[in-house]
Amino acid sequence: MIDLQGSELDEMIAAEKKQVATEYHAEAWADGISDGIETEILAETAITTAMTELVRRHGETEVLELLDALRRRVEYGEFRADRALQ
């Protein structure tokens with residue numbers, strides 16, 4: 001029997017939700033591409049939709065902090081398609 005602490009279980013559930021969300025986004029992205037929508041338009045609308053929802057739920061200050069963290073991740077190359085995963 002697997003004995004998981006509450007926080008470990010919460011982390012597993014969050015990871016599963018992120019995986020499912022990624023699959024939903026990938027499917028929507030592929031549908032958009034197949035309908036002839038350019039990647040730049042898909043990306044901009046995805047970001048705009050996400051930012052609008054995050055500001056609505058968490059406020060501008062918290063979203064600006066998130067954007068700062070994302071900027072650092074971009075600067076470190078985390079989102080480069082050619083980066084090596086270890």
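As the structure is a prediction and not an experimental result, all values here were calculated from the model.
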**Request:** Check side chain to side chain contact (heavy atoms under 4.5 Å, CB included) between Thr39 and all other residues, then give those that pass, not counting sequence neighbours.
**Result:** Trp29, Ile33
**Prompt:** Quick one: CG on Leu67 to CZ on Arg72, what's the gap to the nearest 0.5 Å?
**Reply:** 10.5 Å
**Under the salt bridge (charged side-chain N to carboxylate O under 4.0 Å, His left out) test, residues paired with Arg71 that sit two or more places apart** = Glu75
May I have the list of side-chain donor-acceptor pairs in residues 49-63 shorter than 3.5 Å, sequence neighbours left out?
| residue | atom | partner | partner atom | Å |
| --- | --- | --- | --- | --- |
| Thr49 | OG1 | Thr45 | O | 2.8 |
| Thr52 | OG1 | Thr48 | O | 2.8 |
| Glu53 | OE1 | Arg56 | NE | 3.2 |
| Glu53 | OE1 | Arg56 | NH2 | 3.4 |
| Glu53 | OE2 | Arg56 | NH2 | 2.6 |
| Glu53 | OE2 | Arg57 | NE | 2.6 |

**Request:** Find out if a path of hydrophobic residues (ILVMFWY) with successive side-chain heavy-atom gaps under 4.5 Å connects Leu64 to Val74.
**Result:** yes
**Fill in**
Under a side-chain separation threshold of 4.5 Å, the hydrophobic residues clustered together with Tyr24 are Val20
**Item:** Glu16: partners by side-chain hydrogen bond (donor to acceptor under 3.5 Å, both in side chains), with sequence neighbours left out
**Value:** none
**Item:** Sequence neighbours excluded, every pair satisfying salt bridge (Lys or Arg N to Asp or Glu O under 4.0 Å) that has a member inside residues 23-51
**Value:** none
